[in-house]
Amino acid sequence: MSIVVAKFGGTSVADYTAMSRCADIIIANPNTRIVVVSASSGVTNLLVELTQAQLDDERRQQLLKQIASIQYQILDQLGRPAEVAAHLDGVLSRIAMLSESLSRERCKATMDELLAQGEQCSAALFAAVLREKGEAASAFDVRQVMRTDSHFGRAEPQIEQVAALCAAHLAPLLAEQRIVTQGFIGADAQGATTTLGRGGSDYSAALLAEALKASAVEIWTDVAGIYTTDPRLAPNAQPIAEISFNEAAEMATFGAKVLHPATILPAVRQKIQVFVGSSKEPERGGTWIRHQVSDEPIYRAVAVRRDQTLLNLHSLQMLHAQGFLAETFATLARHKISVDLITTSEVNVSLTLDKTGSDSAGNNLLSEALLQELSQHCRVRVEDNLALVAIVGNKIASTPGVCRRVFEVLEPHNVRMICQGASPHNLCVLVAESEAAQVVRSLHENLFEGAR
């Protein structure tokens with residue numbers, strides 16, 4: 001049986017109408033056997049606020065009522081089936097209890113369990129919508145198969161264990177029914193709930209597809225595929241029908257919000273094609289991401305990633321010395337920080353760290369403990385309010401004239417960092433966040449609109 005895994009984001013499961021529309025998409029494809037859902041739009045943000053230490057009882061009750069209202073409105077339009085109502089009541093009670101617990105004691109494991117509850121609600125409700133339409137469907141707790149380590153907030157899946165557990169517990173269910181399960185969450189070896197970090201539902205879908213050897217992953221969101229840039233920044237942005245894994249990985253890494261960066265990894269390992277489309281307008285089609293594509297242009301897209309941090313490290317120990325970079329990267333590794341871009345001189349190193357890589361509760365990874373440790377062997381300066389703009393394409397490093405075209409556009413702007421050459425698929429510049437929109441528009445006009 002050819003298996004398709006379909007993932008629906010928060011806006012796609014925001015209410016009963018949205019869920020019903022997505023259910024029709026699933027029913028139209030008999031091969032869609034696994035459905036991965038996010039929490040209903042807005043719920044995760046409310047849950048994140050419930051984890052905050054300074055929350056008072058009055059605000060806590062307001063948040064609990066808001067969460068309950070979102071879920072019960074869907075339940076009411078389903079006619080309040082008793083089994084689903086009982087499940088929701090249990091989840092909402094659990095949310096209240098976990099929030100109370102966090103007010104007494106800060107615990108990352110408790111935070112993860114609290115943040116996982118939104119997906120528990122939406123999976124149960126979405127399965128009920130499918131049953132209402134005559135489909136055999138049930139909700140499945142993904143924590144039975146999504147095994148991770150115990151790094152709460154940004155847990156790492158254990159790929160081999162996930163595959164074995166899916167084969168044992170999930171695959172046998174697919175012939176007779178469609179399974180609706182949760183994105184974003186998993187469990188460690190002790191059974192404690194973990195989360196994969198903000199935006200981890202796409203990753204969850206791709207991991208399940210890899211484990212089940214699916215033929216495709218469909219990511220259904222609120223935009224009709226991937227564009228040459230964000231249409232909100234450049235009105236003439238064009239949809240892309242097909243791109244390669246390499247291009248998609250660059251775009252996801254450098255800010256194309258329709259796809260979580262980690263999604264591409266399992267798809268690449270198993271050469272599983274990925275589709276990105278709009279659940280509101282499925283008739284418009286979308287973008288296919290494949291191992292091989294027929295067209296590989298020099299310029300494919302312009303991506304932007306905001307809220308960037310530039311970490312500047314200065315030390316005379318670097319001058320004609322060995323070991324400074326090794327020590328720096330070892331320090332970053334101990335704090336589980338990954339570096340995006342790096343430039344060096346004789347006595348300086350500049351690194352970009354992506355703040356969007358914060359954990360599920362939104363905590364900044366650039367902690368005081370990390371800064372203090374780095375300060376023991378160098379002078380540290382942190383610059384915020386920056387944006388990373390990336391030109392994504394093919395053979396960028398080996399095509400004459402690319403830098404001239406890009407730098408002509410950048411001439412009026414203060415560029416804090418330039419990285420080019422490490423990959424044939426991108427050229428990146430770091431600019432002030434306040435200038436990012438104009439830089440993107442100008443690059444898009446020069447590289448794409450001028451070419452038409």
Side-chain angles (χ1 to χ4, degrees), residues 8-11 13-16 19 36-78 80-128 139-144 146 148 152-155 180-188 190-201 204 359-363:
F8 294 91
T11 56
V13 294
D15 52 35
Y16 175 81
M19 285 190 176
V36 177
V37 293
S38 299
S40 296
S41 183
V43 169
T44 298
N45 287 337
L46 295 171
L47 291 170
V48 168
E49 189 173 349
L50 278 173
T51 69
Q52 302 307 303
Q54 69 276 16
L55 196 67
D56 59 44
D57 287 339
E58 181 179 357
R59 180 56 181 161
R60 178 179 293 106
Q61 293 306 314
Q62 290 174 351
L63 294 169
L64 292 171
K65 286 180 181 178
Q66 285 179 264
I67 294 168
S69 175
I70 292 170
Q71 311 298 357
Y72 282 138
Q73 283 181 25
I74 302 171
L75 184 67
D76 288 342
Q77 290 185 273
L78 278 166
R80 280 193 171 255
E83 182 181 349
V84 182
H87 178 78
L88 276 188
D89 288 342
V91 173
L92 293 167
S93 295
R94 184 72 177 163
I95 291 172
M97 186 275 290
L98 291 168
S99 179
E100 287 280 355
S101 176
L102 283 172
S103 70
R104 296 188 297 271
E105 181 183 1
R106 309 301 295 163
C107 172
K108 288 189 174 182
T110 304
M111 289 184 190
D112 266 15
E113 187 176 355
L114 175 58
L115 293 173
Q117 302 307 310
E119 281 75 12
Q120 297 291 332
C121 292
S122 57
L125 290 165
F126 197 95
F140 178 87
D141 192 335
V142 80
R143 291 174 292 188
Q144 294 182 52
M146 189 59 68
T148 73
F152 297 104
R154 293 188 74 197
V180 182
T181 193
Q182 307 83 18
F184 170 65
I185 67 177
D188 66 11
Q190 290 72 45
T193 299
T194 58
T195 63
L196 307 185
R198 296 301 292 267
S201 291
S204 298
D359 65 21
S360 299
N363 296 315

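Here, residue 1 is the first one in the sequence, and each next residue gets the next number. These numbers were taken from a predicted model, which means no experiment stands behind them.
- Between the side chain of Gln52 and the main chain of Val48, a donor-acceptor pair closer than 3.5 Å is present.
- At least one donor-acceptor pair under 3.5 Å links the side chain of Ser103 to the backbone N or O of Glu100.
- Here the side chains of Val180 and Val37 are in contact, with some heavy-atom distance below 4.5 Å.
- For the residue pair Ser69 / Gln73, a side-chain donor-acceptor distance below 3.5 Å is found, with atom types taken as modelled.
- With contacts defined as side-chain heavy-atom distances shorter than 4.5 Å, the pair Leu92/Ile95 qualifies.
- A donor-acceptor contact closer than 3.5 angstrom links the side chains of Ser201 and Ser38.
- A distance-only check finds no donor-acceptor pair linking the side chain of Thr11 to the backbone of Ser41 [under 3.5 Å].
- Within the 3.5 Å criterion, the main-chain N or O of Val142 finds a donor-acceptor partner in the side chain of Gln182.
- Side-chain contact between Gln71 and Val91: absent, with no pair of heavy atoms (C-beta onward) separated by less than 4.5 Å.
- No donor-acceptor pair closer than 3.5 Å links the side chain of Glu113 to the backbone N or O of Ala109.
- A side-chain donor from one of Thr195 and Asp112 sits under 3.5 Å from a side-chain acceptor of the other.
- Although no hydrogens or angles enter the test, the distance criterion places a donor-acceptor pair under 3.5 Å between the side chain of Arg106 and the main chain of Thr51.
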Does the pair Ser101 and Thr110 meet the rule for a side-chain hydrogen bond (donor to acceptor under 3.5 Å, both in side chains), with working shown?
CA-CA 8 Å; Ser101 176; Thr110 304; 4.6 Å; no
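- Ser93 contributes a side-chain N or O that, together with a main-chain N or O of Asp89, makes up a donor-acceptor pair within less than 3.5 Å.
- A salt bridge between Arg60 and Asp56 is absent, with no side-chain N of the basic residue lying under 4.0 Å from a carboxylate O of the acidic one.
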